[in-house]
Amino acid sequence: FYKAGLAYQAEIPINWCPLEKTGLANEEVVDGKHERCGTLVEKKTLNQWVLKITEYADRLIKDLGDVDYLDRIAVQQVNWIGRSEGAEIEFDLHGISGQADDKHTVTVYTTRPDTLGGATFVVVSPELAQKWLDNGWKASDKVKDYIHKSLNKSELDRQDENREKTGVDSGITAVNPLNNEEVPVWVADYVLGGYGTGAIMAVPAHDERDYEFAKKFKLPIKKAIEPKFIAETGDSAVQPDQDFIKREAVCAVVRNPKTNEYLCISWKEHHMNGLVTGGLEGDEDPVKAAEREIREETGYKNLRFVEDPGIYIHSLFYHRQKKQNRWARFHFLFFELANEETEPVSKKEAALLKPVWKTIDEMRSFFSVVEGTFITNVLDNPNYVYTGEGVVVDTGNKFDGLAGSEARHAIVEYLFKTNKAKHATKYKLRDWIFSRQHYWGEPIPIIHCPKDGAVAVPDKDLPVELPLVDHYEPTETGESPLAAIDDWVNVKCPECGGPAKRETDTMPNWAGSSWYYLRYIDPHNDQEFASQDKLKYWLPVDLYNGGMEHTTLHLLYSRFWHKFLYDQKLVPTPEPYAMRRSHGMILGPDSQKMSKSRGNVINPDSIVESYGADTLRLYEMFMGPFDEMTAWSDERLAGVSRFIHRVWDLSQRLIGNDKQAGAPDGILATEVDRMVHKTLKKVHEDIEGMHFNTMVSALMELSNFLNSREISDRLLKPENADTAQRTVRTLVLMLAPVVPHAAEELWQELGERESVHTAEWPKYDPALIKEELIEIPIQINGKLRATIVVAVDVSDDELEKLAAGQEKVKQHLEGHKILKTVVVSRKLVNFVTDTLEVKATN
RNA sequence: GCCCGGGUGGUGGAACGGUAUACACGACGGACUUAAAAUCCGUUGCCGCAAGGCUUGUGGGUUCGAAUCCCACCCCGGGCACCA
């Protein structure tokens with residue numbers, strides 16, 4: 001990695017465990033404590049080796065398309081990498097001296113440049129502010145104090161604060177490049193130093209975090225966009241090839257103060273439910289227009305105008321009566337009912353729609369218009385912040401009317417001309433901190449020379465092995481314990497031959513686990529980690545199953561590592577694992593996670609001791625879907641054990657029938673073969689789909705079938721020995737994957753000398769599975785009323801006739817007219833009658 | 001808060017839009033036994049003597065037909081979490 005330019009050293013604040021005196025990876029810290037020892041974690045800045053996994057971020061996302069991972073695993077990987085597309089925008093700063101490069105600017109990262117007009121302040125992270133201080137910014141003591149305190153906050157402090165935002169006015173101002181407005185710059189630790197540029201433009205009108213901060217510190221809130229909703233489904237979905245007719249309109253929110261319900265409208269023709277709305281005629285006063293619409297549509301005439309909160313939304317829909325695409329800009333106006341007096345509504349309106357009163361909760365499920373959720377949110381929450389897409393307003397007509405990505409693009413392009421903005425892509429994924437200060441772990445093969453700097457250990461001296469020591473206690477300084485071992489540390493520089501020192505940090509556990517599967521392919525090779533031929537033969541790994549706890553870090557590191565080797569032409573595939581699945585967890589008998597403190601731990605060894613490994617294995621396969629959690633149950637375990645005994649006894653009896661006299665029972669053979677091959681098909685498919693629980697069910701069903709009095713009596717007759725032998729062989733082969741030990745013994749008893757596990761997997765014969773008779777359900781109005789058994793090749797007409805002739809069916813059809821008959825070939829018959837009413841019961 | 005899963009009998013769980021509750025556990029009844037365990041046979045979604053009715057978290061929708069598809073909501077589990 002180092003030679004390829006993908007490893008570097010940096011001063012990095014890390015989590016430090018004061019008890020074990022070692023740096024910790026983020027994943028070793030839980031709730032501010034070291035996961036292993038429970039010690040409170042501290043912050044410490046150390047010089048660390050780091051691998052540039054972020055350079056592979058895009059490929060790690062894109063190549064997920066070429067592999068078959070369990071959905072949620074792929075999704076978790078994508079979320080963890082956290083790619084976001086946005087823009088970097090530069091604000092000029094006033095009132096700062098000595099900032100980096102004397103540029104006196106701050107660059108912010110945003111995914112929403114379309115909301116730039118609503119940026120009423122800028123927030124920089126304490127980390128960035130500290131940099132400014134280092135570069136000579138003369139901040140007030142209060143500001144310096146805040147920066148200092150936030151940088152020294154431990155993980156626990158950060159979480160303890162319950163997310164109450166803190167911050168301080170820096171005294172600096174910034175110029176919004178879109179409208180040249182001068183806005184204050186604040187320092188606050190809700191902005192992360194490690195993400196983006198470490199600074200943001202705050203748009204309180206369209207970002208919940210900024211809104212919270214603005215509220216707390218009484219900063220201005222300015223609207224930059226008006227919500228835009230497009231109907232994409234249902235009756236009013238916009239027609240793709242039609243222009244939009246734009247209308248200014250009002251939307252009346254009418255509350256009945258007595259009941260706290262709101263006046264809604266239900267359109268009769270199409271399924272559309274919303275509020276009272278209407279177009280503005282000419283330069284009509286909006287309040288007047290709203291009152292007129294309320295009267296016309298609902299008849300309520302005594303209204304009290306409450307307020308105009310300045311809410312406008314854009315709603316794009318298809319107007320069915322007018323047959324046109326509409327783009328309505330609704331002006332929301334709030335009214336209360338003075339009294340419930342109404343006047344008659346015109347016939348025309350009454351035919352179209354009817355008024356209904358709904359509470360906010362009822363509105364949620366009632367509304368079918370696209371803006372429905374927005375309306376209930378606004379009514380429900382006085383602090384509702386709209387963060388969705390919208391139409392840009394208030395930019396002096398430069399960008400007004402544009403929306404969404406079009407607006408974002410236009411604004412960035414415009415600012416790009418004056419070097420004030422550019423498109424940028426950011427990731428949540430950070431580079432991989434690769435240093436540990438343990439004794440254990442692979443030593444990082446670097447030699448530090450005062451003259452040549454960090455030099456890679458020459459290939460011929462690899463691998464660097466850990467020295468044998470009596471003690472490997474940690475040191476006080478944060479250096480690896482290896483630093484104290486002089487004759488190991490002190491070496492000659494491979495470049496200049498002068499005195500130099502080995503790197504004493506070691507690699508994390510993840511290092512080895514990133515590529516162990518490659519070594520498994522060729523474990524005795526002493527020339528290379530594996531031969532190219534063997535790698536070509538075996539890679540990629542066909543199926544990698546592992547716990548969910550390794551679906552982000554280990555899996556991501558491992559894929560990165562493999563891709564690096566691929567780039568170095570050391571492995572033949574870009575991805576290590578073709579398929580990735582994950583098993584669920586087995587919970588204790590109390591349905592809780594197993595843990596010593598709960599005392600609900602099941603020890604597999606004791607199960608093996610009392611029931612045997614076959615029972616344990618089969619039970620685990622049977623207990624539930626492979627990838628879901630299930631609670632342990634001793635009773636069910638015993639049930640599985642009983643099954644094994646039954647199938648064992650059955651097999652013994654079948655094997656015992658090796659006499660061959662008389663004419664075999666052909667009907668029995670057909671029946672048994674059909675069942676065996678049906679099971680074979682199911683078992684095969686279930687193994688492929690990893691549905692092991694139903695695979696075991698199928699085997700149980702087969703066993704029950706063969707054990708039934710009717711079948712087993714005949715199967716044990718000497719003349720049917722061939723059928724018995726054939727059956728038991730297939731049965732044993734199918735049992736082999738789930739009860740390997742018992743199956744192996746039975747296999748030997750069948751006279752085989754090779755292992756059952758190397759025997760060829762049986763194939764099912766589709767011809768044997770074919771049924772001659774099938775059972776057909778007969779429904780009336782979708783309800784099962786009878787079943788009939790018919791020949792497989794029955795025609796639809798015949799089927800209908802047979803169905804109609806059934807006694808039960810006749811009974812239920814009596815007095816009803818058949819409106820329609822649905823016949824699904826060889827599947828089902830459904831009679832639809834004139835009424836769904838059922839005969840009254842007395 | 002966001003992103004994934006999931007919600008079906010007393011229990012674990014089955015079910016290409018087409019007979020809901022396969023398979024197993026438990027429970028109940030019976031056989032064998034002096035007795036118990038083990039084993040074997042039978043019954044077992046709920047209501048009802050029955051005919052029949054009801055039932056897949058809740059409420060709507062699509063369909064001849066929905067556990068399954070669509071919308072809204074509730075609950076449980078997991079992951080991420082001030083990522084702009």
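Note that the coordinates shown come from a computational prediction; the quantities given were computed from them, not determined experimentally. Order of the sequence lines fixes the chain letters, A, B, ..., with proteins taken first and strands second; residue numbering starts at 1 for each chain.
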**Q** At a cut-off of 3.5 Å, list every protein nitrogen or oxygen paired with a nitrogen or oxygen from nucleotides 24-29 of chain B, distance to 0.1 Å.
**A**
| unit_1 | atom_1 | unit_2 | atom_2 | d |
| --- | --- | --- | --- | --- |
| B:rA24 | OP1 | A:Asn704 | ND2 | 3.0 |
| B:rC25 | OP1 | A:Arg642 | NH2 | 3.1 |
| B:rG26 | OP2 | A:Arg642 | NH2 | 3.3 |

**Q** Has the side chain of A:Arg580 got a donor or acceptor atom that lies under 3.5 Å from a matching backbone atom of A:Gly546?
**A** yes
**Q** Look at the side chain of A:Thr630 and decide which nucleotide, out of B:rA15, B:rC82, B:rG12, has an atom nearest to it.
**A** B:rG12
**Q** Mind calculating the distance between CZ (A:Phe692) and C1' (B:rG13) to the nearest angstrom?
**A** 17 Å
**Q** For nucleotides 70-80 of chain B, read 5' to 3', which letter fits each nucleotide if B means a protein heavy atom sits under 4.0 Å from the base, S means only the sugar-phosphate is that close, and - means neither?
**A** --S----S-SS
**Q** Applying a 4.0 Å non-hydrogen cut-off, can you work out what A:Glu775 is touching in the nucleic acid: base, sugar-phosphate, or nothing?
**A** base
**Q** Can a side chain N or O of A:Lys783 be found less than 4.0 Å away from OP1 or OP2 on B:rC54?
**A** yes
**Q** With a 3.5 Å cut-off and no angle check, do the side chains of A:Asn273 and A:Ser266 form a donor-acceptor pair?
**A** yes
**Q** Which whole number of Å gives the distance between the P atom of B:rG61 and that of B:rA22?
**A** 31 Å
**Q** Measuring only the C1' atom in each nucleotide, how far is B:rC32 from B:rC41? A whole number of Å is fine.
**A** 11 Å
**Q** Do A:Glu90 and A:Lys422 pass the salt bridge (Lys or Arg N to Asp or Glu O under 4.0 Å) test, and can you show the C-alpha distance, the side-chain angles, and the key distance before you say yes or no?
**A** CA-CA 9 Å; A:Glu90 197 178 75; A:Lys422 63 172 195 230; over 6 Å; no
**Q** From B:rC82, B:rA84, B:rA14, pick the nucleotide closest to the side chain of A:Asp189?
**A** B:rC82
**Q** Taking ring-ring contact (aromatic ring centres under 6.0 Å, His included) as the cut-off, I'd like each qualifying pair that reaches into residues 615-639 of chain A, sequence neighbours left out, listed once.
**A** A:Tyr619-A:Trp632, A:Phe626-A:Phe692
**Q** Could you work out the separation of B:rG79 and B:rU21 based on their P atoms and round it to a whole Å?
**A** 36 Å
**Q** Short question: side chain of A:Asp207, backbone of A:Ala202 - any donor-acceptor pair under 3.5 Å?
**A** no
**Q** Does B:rG65 sit syn or anti, given that only angles within 90° of 0 count as syn?
**A** anti
**Q** With sugar-phosphate meaning primed atoms plus P, OP1 and OP2, does A:Asn693 contact a base, only sugar-phosphate, or nothing at under 4.0 Å between heavy atoms?
**A** sugar-phosphate
**Q** Identify the two heavy atoms, one from A:His206 and one from A:Tyr386, that lie closest to each other, and give their separation to 0.1 Å.
**A** ND1-O, 3.1 Å
**Q** Please, what dot-bracket string fits RNA chain B when only Watson-Crick and G-U pairs with both distances under 3.5 Å count, crossing ones use [ ] and pairs to another strand use |?
**A** (((((((..(((.....[....)))((((((.......))))))(((....)))..(((((..]....))))))))))))....
**Q** Just so I know, are the side chains of A:Ile221 and A:Thr120 near enough to count as touching, which here means a heavy-atom distance under 4.5 Å?
**A** no
**Q** My understanding is that only residues two or more places apart in sequence, or in another chain, count here; which of them pass salt bridge (charged side-chain N to carboxylate O under 4.0 Å, His left out) with A:Glu771?
**A** A:Arg674, A:Lys678
**Q** Give the rounded distance in Å between these two atoms: CG of A:Asn273 and P of B:rG61.
**A** 12 Å
**Q** For A:Lys808 and B:rA51, what is the distance between atoms NZ and P respectively, to the nearest whole Å?
**A** 8 Å
**Q** If you apply the rule side chain to side chain donor-acceptor pair (under 3.5 Å), what do you find for A:Ser712 with A:Asn707, and how did you get there?
**A** CA-CA 5 Å; A:Ser712 78; A:Asn707 249 329; 5.3 Å; no
**Q** What closest approach, in Å, do A:Arg430 and A:Thr54 show between heavy atoms, and which atom pair accounts for it?
**A** C-CG2, 3.7 Å
**Q** On RNA chain B, nearest-nucleotide positions of A:Leu429 versus A:Thr787: which is more 5'?
**A** A:Thr787
**Q** Measure the spacing between CD1 of A:Ile778 and CG of A:Leu799 and express it to the nearest 0.5 Å.
**A** 7.0 Å
**Q** Please give, in whole Å, the distance from B:rC4 P to A:Arg581 CZ?
**A** 18 Å
**Q** Say we look at B:rG7 and B:rG13: how far apart would their C1' atoms be, to the nearest angstrom?
**A** 13 Å
**Q** Between B:rU19 atom C1' and A:Ile780 atom CD1, what is the distance in whole Å?
**A** 14 Å
**Q** Look at A:Tyr195 and B:rA84 and indicate whether a side-chain polar atom (N or O) is within less than 4.0 Å of OP1 or OP2.
**A** yes
**Q** With a 3.5 Å distance limit and no angle check, can you tell me whether A:Asn830 reaches the backbone of A:Gly782 through a side-chain donor-acceptor pair?
**A** yes
**Q** Identify the residue among A:Phe91, A:Phe213, A:Tyr211 that makes a ring-ring contact (aromatic ring centres under 6.0 Å, His included) with A:Phe121.
**A** A:Phe213
**Q** How far does the P atom of B:rG30 sit from the matching atom of B:rA36, given to the nearest Å?
**A** 12 Å
**Q** Mind calculating the distance between CG (A:Asp627) and C1' (B:rG13) to the nearest angstrom?
**A** 14 Å
**Q** Any base atoms under 4.0 Å from A:Lys165, or only sugar-phosphate, or nothing? Heavy atoms, all strands.
**A** base
**Q** Taking the C1' atom in each of B:rU8 and B:rC40, what is the distance between them to the nearest angstrom?
**A** 32 Å
**Q** Between the protein and nucleotides 16-18 of chain B, which nitrogen or oxygen pairs are less than 3.5 angstrom apart?
**A**
| unit_1 | atom_1 | unit_2 | atom_2 | d |
| --- | --- | --- | --- | --- |
| B:rC16 | N4 | A:Lys827 | NZ | 2.2 |
| B:rG18 | N2 | A:Gln779 | OE1 | 3.3 |

**Q** Without decimals, in angstroms, what is the distance between A:Phe121 CZ and B:rA84 P?
**A** 17 Å
**Q** How about A:Lys149 and A:Thr166: do any of their side-chain heavy atoms sit closer than 4.5 Å?
**A** no
**Q** Over how many whole Å does the gap from A:Asp686 atom CG to B:rA22 atom C1' extend?
**A** 12 Å
**Q** Which atom pair, heavy atoms only, marks the closest approach of A:Leu429 to A:Ala57?
**A** CD2-CB, 4.3 Å
**Q** Which nucleotide in the list B:rA84, B:rA20, B:rA14 gets nearest to the side chain of A:Leu784?
**A** B:rA20
**Q** Taking B:rC64 as the reference, what is the distance to B:rU58 when you measure between their C1' atoms (whole Å, please)?
**A** 26 Å
**Q** For nucleotides B:rG78 and B:rU62, find the distance between their P atoms and express it as a whole number of Å.
**A** 38 Å
**Q** A:Glu775 and A:Thr787: side-chain donor and acceptor closer than 3.5 Å?
**A** yes
